[in-house]
Structure formats: structure tokens, C-alpha cells
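Accompanying notes for the structure given below.
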2 protein chains.
Amino acid sequence: MATTQPSSVDRPPTIHDIAALCGVAASTVSRALSTPDRVNIRTRLRIEAAAAELRYIPNNQAKALSSGRTGAVGVLVPDITNPFYFDLIRGTQLQLKAAGYTQLLVDTEESDEVEASTMEQLRKSADGIIVAASRLSDEALLAAAAKMPMVTMNRDVSGVPAVLIDTPSATSQGLDHLISLGHTRIAYMAGPVTSQSSTRRWTTLADAAEERGVEVRKLGPFAPKTQSGAAAADAAVHSGVTACIVFNDLIAIGMLQRLRERGIRVPEDMSILGCDDIFGADFCNPPLTTIASPIEQAGRVAVSMLLAQLNPLQGGPSRRLAVMPTHLTIRGSTGPARVP
Amino acid sequence: MATTQPSSVDRPPTIHDIAALCGVAASTVSRALSTPDRVNIRTRLRIEAAAAELRYIPNNQAKALSSGRTGAVGVLVPDITNPFYFDLIRGTQLQLKAAGYTQLLVDTEESDEVEASTMEQLRKSADGIIVAASRLSDEALLAAAAKMPMVTMNRDVSGVPAVLIDTPSATSQGLDHLISLGHTRIAYMAGPVTSQSSTRRWTTLADAAEERGVEVRKLGPFAPKTQSGAAAADAAVHSGVTACIVFNDLIAIGMLQRLRERGIRVPEDMSILGCDDIFGADFCNPPLTTIASPIEQAGRVAVSMLLAQLNPLQGGPSRRLAVMPTHLTIRGSTGPARVP
DNA sequence: CGAATAATGACAACCGGTTGCCAAGCCTTG
DNA sequence: CAAGGCTTGGCAACCGGTTGTCATTATTCG
């Protein structure tokens, strides 16, 4: 009979239903739920009780539209299937959830275009974004950061808050490790040219090599996938080096497989030193000597920095830069240089 | 001077800006952009040109609020860091993006409560959900499926569309493999009790074992993490079996590590047969014999089934069930039974 | 050439909240 | 007891689109 039934309707309850039930205005309900102090304690309790009874769940879309705040944070990674990002994603997810935010995860497929258009999309649907290993130019990143709160990871652009994982310094530590094992012919297997991590690492490594009077040659670039390991392995063998410092563990693991196929023993004939300590680095064959990074922690820090930007009230001034320490983890893939 | 400037404002353009620029009503712009046929071709072109000029990007929140369609699909996985789900996530992401949908990825942390509350949340912010390896009860799942379009993965509840990965049948194939290698004392290392996959697999396995006249005992349950592998390995050794069929590769890899620590050789002293063929299964030591699953493909199929529900117009009737075939991949972790 | 029909676009309500503004009510204080 | 201040809650506009209704115009047909 009734055109509208207060509680038995299938449609999810709204603040209007609560308002009707309590005999107050919808705006009062809104205030009771979002700014409890602005409302009389008794009214508030009544409203809260009604909300609970109706199993009210606020509509995020509507909230976002009217308030401008979405309660969501975009997380952009170049490749979801790269284990490196697993821990990162978990770190951001945990920290965001703890702060009451939702994570919008997007795989940008290593493409600057996808990355740019995603950012444009997210401008309306997220309060801020975390961009891991951006493939964008400095200018593009800076422009994007001007439009919405942003934190980059492993990408340092002046003016954009960033979390950096300090692999460069551990890389020279890795170089020392190899030198102390007697290696003199060493290669750096480079990652994508657009990867600032790879560039930074190579620069540090080249400097360190010069200081120590050893020669390190750069091979590559190689795509950050295990499949690229075959090409990397072949290049390394062909170049006559006895040890490789590899852009990341994914390529390093691929190299391990290829070298095994070719009958080249690791570490007897060739030492391999990876980077990141991803899932799998400890149980591959042989277990990978690598530069361990606090990836999950880095994700959390990135979220903290972003949230500091979003809510400037609480907490001190937001940091511009966070540098995460790394350390060399020695396993079985590095050993004494073969005597020629 | 002017309180409102048509195009130089920093605020993103809306359909109203376009309408003003073209001298038409906002509703016409809306129609031109979403139902092009309902609008004169010349007006449409003018509007499209204006939209391009203004770099107009529709506001998803507003779209969702007014139309009820969000253009987003929730994907719920129990554990983001489990490599099994990487490929799944990638599969769903690719297929969703191809269909113009956004993926909302949520890690439910193996918790039925988180899962339930997430579903409730998503009811407003997503058009449908894909639930992998749900921890919910049949009733809860069915109730949730009644409220919004849903596809489950590796979880068969009558009335809810599902994608199943047919590991049970490959499991008996795996059993045959072990029997042919001379194993007679075999264990099944079970996964979580709430996992239907594990239960189904065990049922099939027990039947197959009886048929073939061998004894397979069930050990566990074990959490689907590499760390659980240690307990699993110890349990296997203690029980005196010579071969293990393991719930998943994660546990199997953990067992491999533990057995190595304890000086038990694989496959000479103990054969290990995993499940899923996750990242790492091919390069662990020894490489894992496992039941390979088309995980990414399963993700795509799940999306297709969900989209068929969402847009019943195009395409035939939506399937209730999809069963993905699997196959046994033999690597180095299984071998002839040790002669006592 | 007039009428029927279809195509087109404007108007306005609506989705579910948020928020500025204002009035009423309460209490405190002189 | 009156004046002033603060608390409280209602009204209504607004966020940016979608969509049903309807008037106008263009087109086609008899």
C-alpha cells in the first residue's frame, strides 16, 4: 500500500531514512555521523542507534561528490606481476587501511602513456597517489604532482616528495664483496633506460669502481623480467666477466636458469649479485646473494608521507624525502673468482 | 574581475562548461557523450570538439552517483602476497581494463570478517565482485551474491557463478605419477580447513587412493605460506611417508627448504608434488613437480562471466560454472621411491 | 500543402551526501 | 530579568552528472 516503506525496502538505507526515523533533518544526521561535536550528545546517540538498526552504510560516491574527499589513494606500479611490488603493495595496503583509506591499485604496464592517463583519471577518484618507479619525464611528473598530492617511490624529482631505496650505497658494498673475492672483470647488468633506479645505481657503481681501480662494464639494458635473464646471461658470458651485479633479482634469477642450462656453474664460473631480495631469491638455485631492501616498509613510509600531505593539520611538516637503508645479503650465488 | 572564468580556471572542466561553450543544455552534452545516437550528429561533433578542447574528463563519482553504475569491479583475494594471486590479479586487471572497467583490489587477509565488510562496502562502489577462495560460509556467500553480481573462484556454492580450477582431477594424475615411481606411503599435506579447494582435493585423492589400493594419509592443516613448509616437512618425515602431495606450491617450496636443512634429499629420500605452478616453482631447488593451473586465464574467465551478468543484453546466457583444466608438470622434485 | 511522425534538445528532478547560513533555544552573566 | 553568547538543528544550495518528460522543430507521407 505505502509507496515508501521505511525499513523493509531492499534499497540500502540513506541518511534520509535515518532522519525520518529519528524525526530530524538529514543534515543533522550527516553532522552527527561526520562531525559528532556539532551535535547534541543525545541526538547523536539516537541517530547512531537508528543508523545501527538500519545497518546504514555511507555511500562513498556521494560522500566524495559532495565533499571532494574520496578516501581513496591510487597506487601505480609498472608491473603487478613483478614480485618486487608485492611487498610494496602489501605495505601500502596495510598502512592505508589502518588510516581508513582505500587503495586503488593500477598496473601501468611499464607505459608512460597508461601512467599519465591513469593519473588523469585518478585526479577525481582519489585524494592522492603513490607512484612507484615512474616512467614519466621529470616535467610530466612535476606537473602531475602540482595537480594532486603525490609521493614517488624510487624516483627523485625535485619538488615531489619521494621515498628512495638506497640501493646505490649497498651496490658499492656489493662491489667490495666481489673484489674481496678476487673478481676483477665485473659487469653491471642494467635495467630499463627509463628507470632512474638503474641509472643512479650505475653512476654510483662506476664511481666506486674507479675509486677502487677495477673495471666495471655496463651491459644491457634488460627488461626487468626473468625471461630477460637469458639474454643477460649470454651477454655476460660473452663479455668474459666473472661476476655480475644485476639490476634486479628477477633478471638475476633468469640468469641463474640460463647459466645452468649452458652448464656454467654459479658461483664457481660466474658470480651473480642481485638486487631487492624478492620472493624467490632465497630458494632459487643457488640462493641469490642480493641487496635486501625494506620494500614493505618503504610502502608504509610512502603512505605516511602522502597522508601527511593530505592532512597537514596533525603531525609536523611533511618530509620531502625518505631514504630507506639496504644491506647486502650474502647467499650462494657469489664466490671466489675462478683462476684463469 | 570576473567571478567565474570559463576556461582559465584551474578546476577541471565539467559538462556545464562544455554546454556553455557550445550554447546547449548540459543534458544535451551528457547525451552526446553517453548516448551519441540520441543527439544530432552536428551538435555532437561540436560538443566533442569542445570537450576535447577543454580536455574534459568525466567525473566517475558523479556518474556513479546518478546512474548507479560505477564502472568498477571489486576483486577480493585472501592474501595479496601469495604469488598464486599475482597471475589471477593480472588476468582480471587485463580483462577488466579491456572492457573499460576499473579494478578495485582488496586483500581480505584470510579473514571472513574483513571479507564480509568489504563486500558491504563494495556494494555501493562497485558493479560486481570477484571473490577468490572465499572464507565465507555458503549461506553468507549466497546472501551476498543476491545483493550484487558476483563470481567466485575456487569456491562452488550452488546458485553463485563460479570459476573452478580443476586441480582434483590432476591430483589423481599426480597420485598415479607417484605410484608409478614406486611410492606406497604417501601423504596429502592439507591447506586451511576453510579452503574448499583443499577439501575437494582431499576427497578426490582419498577416493583415487582407495581405488588404486594405496594408502594416502592426510597431514595438517597448514597455512598457505612458505613458513608453514617447515612444519609440513617435519610432519612428513615423522610420518614415514616417501612422497607428499602438497596443498600448494608455497608450502611445497617451504618443505623443500626445510628438508634441505635437515639433510633429507629431494627426490631421493622424499618426493614432493606441489600445486599451482606459481612463480618460483620452476627455479627452486630442485624444480618443483606440480599441478600447473591456468591462473591468469581463470581470472579472465571470471571477469567475462561477471560482465555477462552485468550486461545481459549482449552475448548469450551467462554460464553458471567454468572449469579450468590443469595438467601435471613433472620437474625435479619427484623421483623413484627409496628402497627401504 | 497539411497532418502525422520522428528527431532533437531544454527543463527539472534526482542520486546521497556536505556545508554555509540562519534562526531558535538554552544558559550564563551582569 | 534582560542581554549577549553559544549550542543546536533546519533549510537549501551544491557536487557533476543521468534520465524522464515534454515542447519544438524537421521530416516524411498522403
Side-chain angles (χ1 to χ4, degrees), chain A residues 3-4 9-48 50-51 54-72 120-121 123-127, chain B residues 3-4 6 9-48 50-51 54-72 121 123-127:
Chain A
T3 50
T4 312
V9 223
D10 199 2
R11 179 181 53 78
T14 71
I15 52 169
H16 298 98
D17 299 325
I18 301 180
L21 194 62
C22 295
V24 298
S27 57
T28 305
V29 177
S30 172
R31 286 204 180 84
L33 264 26
S34 50
T35 36
D37 297 338
R38 279 278 286 124
V39 138
N40 185 302
I41 178 93
R42 296 183 49 198
T43 330
R44 192 182 80 192
L45 290 177
R46 252 171 56 222
I47 291 176
E48 281 170 353
L54 258 37
R55 301 179 169 281
Y56 167 74
I57 296 171
N59 182 323
N60 289 327
Q61 316 284 342
K63 263 191 148 92
L65 184 56
S66 56
S67 69
R69 286 169 270 107
T70 62
E120 209 53 58
Q121 279 290 338
R123 190 170 166 197
K124 308 275 185 44
S125 354
D127 294 342
Chain B
T3 50
T4 314
V9 224
D10 198 3
R11 180 180 52 79
T14 72
I15 53 167
H16 297 98
D17 298 325
I18 301 180
L21 193 62
C22 295
V24 299
S27 57
T28 304
V29 177
S30 172
R31 288 208 175 80
L33 265 24
S34 50
T35 33
D37 297 337
R38 280 279 287 122
V39 137
N40 184 301
I41 177 94
R42 296 183 48 198
T43 331
R44 193 183 79 192
L45 290 177
R46 252 172 55 223
I47 289 175
E48 282 171 353
L54 257 36
R55 302 178 169 283
Y56 168 74
I57 296 171
N59 182 325
N60 288 328
Q61 317 283 345
K63 262 191 148 91
L65 185 56
S66 56
S67 69
R69 287 169 270 107
T70 62
Q121 279 291 338
R123 191 172 167 195
K124 308 275 185 43
S125 1
D127 294 342

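Note on naming: letters A, B, ... go to the chains in the order of the sequence lines (proteins, then strands), and numbering restarts at 1 for each one. Both backbone and side-chain heavy atoms feed into the values below; hydrogens, waters and symmetry mates do not.
- Considering all non-hydrogen atoms of both residues, T70(A) and K124(A) come closest at CG2-O, 3.5 Å.
- With hydrogens and angles ignored, the 3.5 Å screen pairs no side-chain donor or acceptor of D127(B) with any backbone N or O of R69(B).
- Residue H16(B) contributes atom NE2, which lies 13 Å from atom C1' of dA13(D) at whole-angstrom precision.
- A heavy-atom distance below 4.0 Å to DNA chain D is reached by these residues of residues 33-47 of chain A, ordered by number: D37(A), R38(A), V39(A), N40(A), T43(A).
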N/O donor to acceptor pairs below 3.5 angstrom from side-chain atoms of residues 18-46 of chain A, sequence neighbours left out:
unit_1, atom_1, unit_2, atom_2, d
S34(A), OG, S30(A), O, 2.7
T35(A), OG1, R31(A), O, 3.4
N40(A), OD1, R42(A), N, 2.7
R46(A), NH2, C22(A), O, 2.6

Review item, side-chain donor-acceptor pairs of residues 59-66 of chain A, under 3.5 Å, at least two apart:
unit_1, atom_1, unit_2, atom_2, d
N59(A), OD1, Q61(A), N, 2.8
N59(A), OD1, A62(A), N, 3.1
N60(A), ND2, Q121(B), OE1, 3.2
S66(A), OG, A62(A), O, 3.0
S66(A), OG, K63(A), O, 3.4

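- Along DNA chain C, read 5' to 3', the first and last nucleotides having any atom under 4.0 Å from a heavy atom of chain B are dT8(C) to dG16(C).
- Using a 4.0 Å heavy-atom distance criterion, S30(A) is classed as a base contact.
- Note on S67(B): only backbone sugar-phosphate atoms sit closer than 4.0 angstrom, heavy atoms only; bases stay farther off.
- Between R31(B) and I57(B), the residue anchored nearer the 5' end of DNA chain D, judged by the nucleotide with its closest heavy atom, is I57(B).
- For the pair R69(B) and dT19(D), the criterion of a side-chain N or O lying under 4.0 Å from OP1 or OP2 is met.
- Among the atoms of the strands shown, base atoms are found under 4.0 Å from some heavy atom of S27(A).
- Rounding to the nearest 0.5 Å gives a distance of 8.5 Å between CG of L54(B) and OG1 of T14(B).
- Comparing the axis of the opening five pairs of the helix from dC1(C)-dG30(D) to dG30(C)-dC1(D) with that of the closing five pairs yields an angle of 40°, rounded to 10°.
- Note that CD1 of I15(A) and OH of Y56(A) are 6.0 Å apart. Values are rounded to the nearest 0.5 Å.
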